[in-house]
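Here is the structure we will look at, set down as structure tokens.
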Amino acid sequence: MTNLRQLFREHVAQTSDSPLMLEISKAQGVFLFGPKGEKYFDLISGISVSNVGHGNPEVVSAVQGQAADYMHLMVYGEFVQKPQVELAAELVRLLPQQLYSVYFVNSGSEAVEGALKLAKRHTGRAEIIAYKNAYHGSTHGALSIMGFEEQKRNFRPLLPDISFLTFNNKDELDRITTKTACVVIEPIQGEAGIRIPDVEYIRALRDRCSETGALLIFDEIQTGMGRTGTLFAFEQFGIIPDILLLAKALGGGMPLGAFISSKAIMDSLTQNPILGHITTFGGHPVSCAAALASLKYLQSNNLVQTVNAKGKIFVDVLKNHPKVLEIRQAGLMIAVELGSYDRVKALIDFGLAHGFIVDWFLFCNTAVRIAPPLTITEEECRTAAGLILEGLNSIS
Ligand SMILES: Cc1ncc(COP(=O)(O)O)c(C=O)c1O
């Protein structure tokens, strides 16, 4: 039989000429296993998805149960499907009152696309403001608000009327005006290498959006579902966005995204034209059942409350190493700055040979990403951090 790796190279579309080519035959908890029994600490959660751990029995059982009851029935928003309804109700119960209506999609990029349309439709304005070094996905709208020219240059033309602000620069906030439909921001920039804005900046941004009527869209696709130590990162800034975007860990390992707003805002998609946004598979019942089980698991195990202490273990073990220039961290969303791509690459390779998986960031290849499942135990954090330390000692 032709080798799986060979077929992978030939028939699965490649977006890099040097894919990791790691073959995994089983994943359980915080570990991935290769076909020959190789065992790896998963310190990236592929990426920031597997918050409740791989093979979580409650999620698996919800998936199996729902698949047996029914899978696809009808495009989103027409039939009353129990897993969708229950998940929406549970999300809304956990969110502030303004965030009341949930539109389910399949992915993060689609949540971004839906939210941009919603903001334009609701405000009747065209201008969109985003941030330098922001990552919001790879589809055309999401790419248009990406704050990294190198990745978008060769895909132009993109959406018009977009401008980019600098994180933490309050002087630029007056560029948000009554012409602005929305401002899209990651409350903590992920692919920029974990960049955390000041609380005062985010509050000033909220005020400026309220003054001008621009909708504030928080992309919590990477920060959501407990990763930063609260269920949603916006809670740490003492503000409420107008539209909240979720995906990645939302589905408990299944593909699912959502954009969430007040009912008044969301209802803009129901008239002129009707069916202002539709999707065939968005809010798939099996994904919603997995998401609900995952959300319940997070809560019944008080997992979110454990995240800061676990993140601190990594920081404490690694921060004094001479090769570590800086650690940027929010809960279990961690960037270890090594100042050079060669060192990052060497540490990744060391990890593959010594049983752990780390990664770099799309727009920051000088820092190592650590983002394990939130189910990792404190003991496992110490072991994993110790392995990284060994790696730092052995690379040049
Ligand atoms: C902050 C943020 N927004 C949007 C996306 C896009 O999500 P997806 O890959 O599911 O389309 C990502 C993915 O990495 C992300 O990190």
Close side-chain approach of V307 to T228, heavy-atom, < 4.5 Å: no
Run the ring-ring contact (aromatic ring centres under 6.0 Å, His included) check on F31 and H54 step by step: do they pass? CA-CA 8 Å; F31 293 104; H54 296 281; 9.8 Å; no
L143 and S138 have their tightest heavy-atom pair at CB-O, 4.2 Å
Do L118 and Y103 pass the side chain to side chain contact (heavy atoms under 4.5 Å, CB included) test, and can you show the C-alpha distance, the side-chain angles, and the key distance before you say yes or no? CA-CA 11 Å; L118 177 61; Y103 194 118; over 6 Å; no
Enter the distance from K132:NZ to F164:CZ here, rounded to the nearest 0.5 Å. 10.0 Å
So, do T306 and L374 sit near enough that their side-chain heavy atoms are less than 4.5 Å apart? no
Kindly say whether the aromatic ring centers of F356 and Y40 come within a distance under 6.0 Å. no
Let me confirm one number: the CG-CG distance from L246 to L231, rounded to the nearest 0.5 Å. 8.5 Å
Looking only at atom types and distance, does a side-chain atom of E390 sit under 3.5 Å from a main-chain N or O of H354, one as donor and one as acceptor? no
Side-chain contact test, heavy atoms from C-beta onward, threshold under 4.5 Å: evaluate it for V92 versus V102 and give yes or no. yes
Would you mind checking if R328 and E337 are paired as a salt bridge, meaning a charged N to carboxylate O distance below 4.0 Å? yes
Does the side chain of E127 come under 3.5 Å of the side chain of S163 through a donor N or O and an acceptor N or O? no
Flag yes if F234 and L173 sit in one hydrophobic cluster, no otherwise; membership is Ile, Leu, Val, Met, Phe, Trp, Tyr, and two members link when side-chain heavy atoms are under 4.5 Å apart. yes
K310 vs E378, salt bridge (charged side-chain N to carboxylate O under 4.0 Å, His left out): CA-CA, chis, key distance, verdict: CA-CA 6 Å; K310 291 171 180 175; E378 294 197 0; over 6 Å; no
Presence of salt bridge, E149 and R156, under 4.0 angstrom: yes
ring-ring contact (aromatic ring centres under 6.0 Å, His included) with Y131: which residues, sequence neighbours excluded? F167
Can you list everything that forms a salt bridge (Lys or Arg N to Asp or Glu O under 4.0 Å) with E113? Sequence neighbours excluded, please. none
Got a salt bridge between R9 and D17, using NZ or NE/NH1/NH2 to carboxylate O under 4.0 Å? no
Ring centers of H72, F281 separated by less than 6.0 Å: yes
L94 CG to L295 CG distance, which is reported to the nearest 0.5 Å: 5.5 Å
If you count the non-hydrogen atoms of other residues, nucleotides and ligands that lie under 6.0 Å from CZ in F155, is the total more than 12? no
Regarding R206 and S210, is there a side-chain donor-to-acceptor distance under 3.5 Å anywhere? yes
Give, for atom CG of L292 and atom CG of L87, the distance between the pair rounded to the nearest 0.5 Å. 5.5 Å
Could you tell me whether R369 and E191 have a side-chain N and a carboxylate O separated by less than 4.0 Å? yes
Is there a donor in the side chain of N51 and an acceptor in the side chain of R227, or the other way round, less than 3.5 Å apart? yes
Side chain of K345, backbone of W360: donor and acceptor closer than 3.5 Å? no
Would you say the side chains of N393 and H321 form a donor-acceptor pair under 3.5 Å? yes
Establish, from distance only, whether the side-chain atoms of E110 and T139 form a donor-acceptor pair under 3.5 Å. no
Would you mind listing every salt bridge (Lys or Arg N to Asp or Glu O under 4.0 Å) that reaches into residues 164-188, with sequence neighbours excluded? none
Under 6.0 Å from the NZ atom of K152, do we count more than 12 heavy atoms belonging to anything else shown? yes
Would you say the side chain of F363 lies within less than 4.5 Å of the side chain of E150, judging by non-hydrogen atoms? no
Would you say the rings of F237 and Y201 are close, in the sense that their centroids are separated by under 6.0 Å? no
At what distance, to the nearest 0.5 angstrom, does CD of Q222 lie from CD1 of I194? 6.0 Å
Donor-acceptor pair between E220 and T223 side chains, under 3.5 angstrom: yes
Rounding to 0.5 Å, atoms OH (Y100) and OG (S261) come to a distance of 12.0 Å
Give a yes or no on whether a salt bridge exists between R203 and D207, defined as a side-chain N under 4.0 angstrom from a carboxylate O. no
